[in-house]
**Student:** 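Quick one: this structure, given as structure tokens, is what I'll be asking you about.
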Amino acid sequence: MRRAVCPGSFDPVTNGHLDIVARASNLFDEVVVAVGVNKSKNRLFTPDERIDMLRTACEPYPNVSVDGFTGLLTDFCRDRGIRTIVKGLRAVSDFDYELQMAQMNASLAEVETVFVPTSPEYSFLASSVVKEDATFGGDVSALLPAFVHERLVRRLAERDQGSR
Ligand code: PNS
């Protein structure tokens, strides 16, 4: 059984993430989308919310499951018997950081990282950019599943209300 993990923060999941998950689901028998839930002040959505949105978004892929993890990704891989990490590469600018992570992870456990080139239409897409644009009223509806877009707009409005 060929298993792989697609790790990330997914705050929130974008069509770019789903492009990588869909392609990983064609390459591996089982794919676990692993949501890093290490503490960070800067998240817009809670770990449970991010996991919940991903579960809905990944419903079309029967061999994909979604889970959260704390601590090291390599510990999660070891616990699950997973030896492959799949990461999307959008541009050369991703490469330095991703190479460092891949080499660090390989030094911590018996895991290989497989890089999948992001489809060109998503090469600029990142959750951080989507949040920034949406905060200032940009239309990001084409970049996310419709239900995620609705939740994003609602959350930003709640945050806006809370800060007044
Ligand atoms: O979507 P992101 O923010 O690029 O995801 C980053 C994530 C969650 C994949 C990465 O930060 C991670 O693996 N965190 C867990 C801690 C860890 O294992 N770090 C790598 C060893 S240096």
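Excluded from the calculations below are hydrogen atoms, water molecules and symmetry mates; all remaining heavy atoms, backbone and side chain alike, are included. First listed ligand is number 1; within each ligand, the first listed atom is number 1.
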**Student:** Among Thr74, Val37, Asp94, Leu72, whose heavy atom sits nearest atom 17 (C) of ligand 1?
**Tutor:** Leu72

**Student:** List the closest protein heavy-atom neighbour of atom 10 (C) of ligand 1: residue, atom name, distance to the nearest 0.1 Å.
**Tutor:**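 Protein heavy atom at minimum distance: Met101 CE, 3.8 Å.
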
**Student:** Looking at every non-hydrogen atom in both residues, tell me the closest pair between Ile20 and Gly88 and how far apart they are.
**Tutor:**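 Heavy atoms of Ile20 and Gly88 come nearest at CD1-CA, 3.7 Å.
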
**Student:** Determine, for Asp52 against Arg55, whether the closest basic-nitrogen to carboxylate-oxygen distance falls under 4.0 angstrom.
**Tutor:** no

**Student:** Only pairs under 3.5 Å count here: list side-chain donor-acceptor contacts from residues 22-35, not counting sequence neighbours, and write none if there are none.
**Tutor:**
{"residue": "Arg23", "atom": "NH1", "partner": "Asp19", "partner atom": "OD2", "Å": "3.1"}
{"residue": "Arg23", "atom": "NH1", "partner": "Pro117", "partner atom": "O", "Å": "3.0"}
{"residue": "Arg23", "atom": "NH1", "partner": "Ser119", "partner atom": "OG", "Å": "3.4"}
{"residue": "Arg23", "atom": "NH2", "partner": "Pro117", "partner atom": "O", "Å": "2.9"}
{"residue": "Ser25", "atom": "OG", "partner": "Ala22", "partner atom": "O", "Å": "2.7"}
{"residue": "Asp29", "atom": "OD2", "partner": "Arg2", "partner atom": "N", "Å": "2.7"}
{"residue": "Glu30", "atom": "OE1", "partner": "Arg3", "partner atom": "NE", "Å": "3.1"}

**Student:** Do me a favour and list the nearest non-hydrogen protein atom to atom 16 (C) of ligand 1 with residue, atom name and distance?
**Tutor:** Gly71 O, 3.4 Å

**Student:** Tell me, which protein residue and heavy-atom name are nearest atom 6 (C) of ligand 1, and how many Å apart are they?
**Tutor:**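 The closest one turns out to be Ser9 OG, 4.2 Å.
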
**Student:** Counting only heavy atoms not in Glu121 (residues, nucleotides, ligands), do more than 12 fall under 6.0 Å from its CD?
**Tutor:**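 Check passes, neighbour count above 12.
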
**Student:** Could you identify the single nearest non-hydrogen protein atom to atom 21 (C) of ligand 1 and state the distance to 0.1 Å?
**Tutor:** Asn105 OD1, 3.7 Å

**Student:** Write out all pairs satisfying ring-ring contact (aromatic ring centres under 6.0 Å, His included) with one or both partners inside residues 77-115, taking only residues at least two apart or from two chains.
**Tutor:**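 Matches after skipping sequence neighbours: none remain.
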
**Student:** Identify the closest protein heavy atom to atom 14 (N) of ligand 1: which residue and atom is it, and at what distance?
**Tutor:** Phe69 CZ, 4.2 Å

**Student:** What is the closest protein heavy atom to atom 22 (S) of ligand 1, and at what distance does it sit?
**Tutor:** Met104 CG, 3.4 Å

**Student:** Using every non-hydrogen atom in the two residues, find where Pro12 and Met53 come nearest and quote the distance to one decimal.
**Tutor:**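 Smallest interatomic distance, heavy atoms only, reads CB-CE, 4.1 Å.
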
**Student:** How about Ser141 and Asp139: does a side-chain donor come under 3.5 Å of a side-chain acceptor?
**Tutor:** yes

**Student:** Closest non-hydrogen protein atom to atom 7 (C) of ligand 1, residue and atom name please, with distance?
**Tutor:** Gly8 CA, 4.4 Å

**Student:** List the closest protein heavy-atom neighbour of atom 13 (O) of ligand 1: residue, atom name, distance to the nearest 0.1 Å.
**Tutor:**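 Closest protein heavy atom to atom 13 (O) of ligand 1: Leu73 CB, 3.7 Å.
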
